[in-house]
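Take a look at the structure below.
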2 protein chains.
Amino acid sequence: MISKEALKKIFPNWEEGLYDAVLNEAELKEAKAGTALLKMGQNIKSAMLVVEGTVKLYQEGEEGGEFFMYHLNPGEACAVTLVCNFHHEQSQVLAKAMTDIKYLAIPIEFMEKWLNEFKSWHYFVIKTYRSRYEELLKTIHETAFKNMDERLAFYIERQVHQFGNTVKLTHQEIANDLNTSREVISRLLKKMENNGWIIMNRNSFDWIKK
Amino acid sequence: MISKEALKKIFPNWEEGLYDAVLNEAELKEAKAGTALLKMGQNIKSAMLVVEGTVKLYQEGEEGGEFFMYHLNPGEACAVTLVCNFHHEQSQVLAKAMTDIKYLAIPIEFMEKWLNEFKSWHYFVIKTYRSRYEELLKTIHETAFKNMDERLAFYIERQVHQFGNTVKLTHQEIANDLNTSREVISRLLKKMENNGWIIMNRNSFDWIKK
DNA sequence: CTTATTGGGTGATATTTATCACAATGACGG
DNA sequence: CCGTCATTGTGATAAATATCACCCAATAAG
């Protein structure tokens, strides 16, 4: 399990009792990069709090497409898993480990209980929903108003913000995340290279804009 | 002001004290159809709870475009106004009265206070964020995976769900909401008419599909 | 009744994105 | 060093959407 000190660093400002509750009830799980942690339509049986690594949240299309929405980092939680106990609903999102990750899985029966017991849990849930809502707004803004070139730039900037200036993603992976085709991404990246925004290598490129 | 009984009907399951607090602190406001209640970038000074009528929530593009996200009905609240006091942030959305409306405006200084005092307010905030988050997911799903014909059908279905089978919107208004042009909507509606999904009149049409 | 305005129809054309087909090149296991 | 596979480049073409330029019809206003 994880130490209380480590937990406090990753999830600050909780009540003492909440840390104990988490240490008692949560299971610390690991997953390899690429694993699907939560699939669309799947019944949710536990809340997910990220401890280490990065998770990507997607929307899935009925014909198999994926659409990237936002990242989850340590200290953040998957909003959809936090309150679903109210309704015993199915997941509306796909969560994928982007790197090797560690996360806390908390059985959903504690969600309502803790809302009653711990004020800091209540705040945590609200903060989580609020921040995820804002990420969705950004995502909507991009897809509603921007063309693929700008969307790609925005996507890369998010990626750079997470992992630094060297982007280690194949054109195909980017295309999947943006729900377009590889050719489109290849051509747009070539343009960016010509504009001096990136330096391309095989299997990666560097973002050098601004 | 509004009576306590009416308030209870519209916002069920609150604590007694919360109803009193709202009656004491909120201002009951009215607005004509079409009014912008909250503009993007505007500083939020009060929370908005819908009492009567329908509000439309938009994302605004920098070049003036609008993009419809979802409706707010009586008993629902504008999520972004509920927690912004934490940060004194600016609105990321545009809220427009779709019909003549009545709503409760609660100064944001009470938001944090009530979170501490009323458990039912806490639940209300979480429920609000959760439902808005889910609406955003649906919206993203449509824009990410669907072509304009399907998006239009989805849009009309939402409209029908709100106001019944007769849709009293001009092609231009629909085009604005979907961030496309009138010609596109006109042509797609014509197709729907040919498919027997709608019956068109001037200034309105009837949804008769299924 | 006449005119002005608004809502809607339609062809032509441009732009953006998707799809198909295939070539080239680097990485890696044997 | 060779062959295979994953990755990227690129032309040709199709489909979806945007834009422009008008016209026409219904309604409102005088």
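Below, chains carry the letters A, B, ... as their sequence lines are ordered, and counting in each starts from 1. Just so you know, these numbers use all the heavy atoms, side chains as well, and skip hydrogens, waters and symmetry mates.
- In this structure, the ring of His141(A) has its center no less than 6.0 angstrom from the ring center of Phe67(B).
- For the side chain to side chain contact (heavy atoms under 4.5 Å, CB included) test with Tyr58(A), the passing option among Leu38(A), Val93(A), Leu94(A), Asn176(A) is Leu94(A); the others fail.
- Residue contacts shown for Ser181(A) include a base, since a base heavy atom lies under 4.0 Å away.
- With rounding to whole Å, Leu169(B) atom CG is found 10 Å from dG8(C) atom P.
- When the nucleotides dT17(C), dG26(C), dG9(C) are ranked by their closest atom to the side chain of Met200(B), dG9(C) comes out on top.
- Ranking dA18(D), dG7(C), dT8(D) by closeness to the Thr170(B) side chain, first place goes to dG7(C).
- If you check distances only, the side chain of Arg187(B) never reaches the base of dG8(C) with a donor-acceptor pair under 3.5 Å.
- One can place CG of Asn179(A) at 15 Å from P of dA16(D), the figure rounded to the nearest angstrom.
- Using a 4.0 Å cut-off between charged nitrogen and carboxylate oxygen, Lys39(A) and Glu60(A) do not count as a salt-bridge pair.
- Ser186(B) comes within 4.0 angstrom of the backbone, heavy atoms only, and of no base.
- Geometric assessment of Lys168(B) against the ring of Phe163(B) yields a negative cation-pi assignment under the 6.0 Å and 45° thresholds.
- In this structure, the CD atom of Glu183(A) is 10 Å from the C1' atom of dA21(C), given to the nearest Å.
- As a whole-Å value, the separation of Leu178(B) CG from dA16(D) P is 17 Å.
- Separating the NZ atom of Lys191(B) from the C1' atom of dG9(C) is a distance of 15 Å, rounded to the nearest angstrom.
- Taking every heavy atom of residues 144-152 of chain A and every atom of DNA chain C, pairs under 4.0 Å involve Asn147(A), Met148(A), by number.
- Side chain of Thr180(A), nearest nucleotide from dA18(C), dT17(D), dA25(D): dA18(C).
- Nucleotide dT19(C) holds its P atom 11 Å from the CD atom of Glu63(A), rounded to whole Å.
- Judged by distance alone, with hydrogens and angles left aside, the side-chain atoms of Glu173(B) form a donor-acceptor pair with the main-chain N or O of Thr170(B) at under 3.5 Å.
- A cation-pi geometry, defined here as NZ or CZ lying under 6.0 Å from the six-membered ring centre and within 45° of its normal, does not hold between Lys138(B) and Tyr70(B).
- Between Lys190(A) and dT8(D) there is no side-chain polar atom (N or O) within less than 4.0 angstrom of OP1 or OP2.
- Between Arg182(A) and Leu188(A), the residue anchored nearer the 5' end of DNA chain C, judged by the nucleotide with its closest heavy atom, is Leu188(A).
- Met192(A) has its CE atom 14 Å from the P atom of dG9(D), to the nearest Å.
- A donor-acceptor distance shorter than 3.5 angstrom exists from the side chain of Thr99(B) to the backbone of Thr54(B), with no hydrogens or angles considered.
- For the pair His171(B) and dG9(C), the criterion of a side-chain N or O lying under 4.0 Å from OP1 or OP2 is met.
- Atom CG of Asn201(A) and atom P of dA27(C) are 10 Å apart (whole Å).
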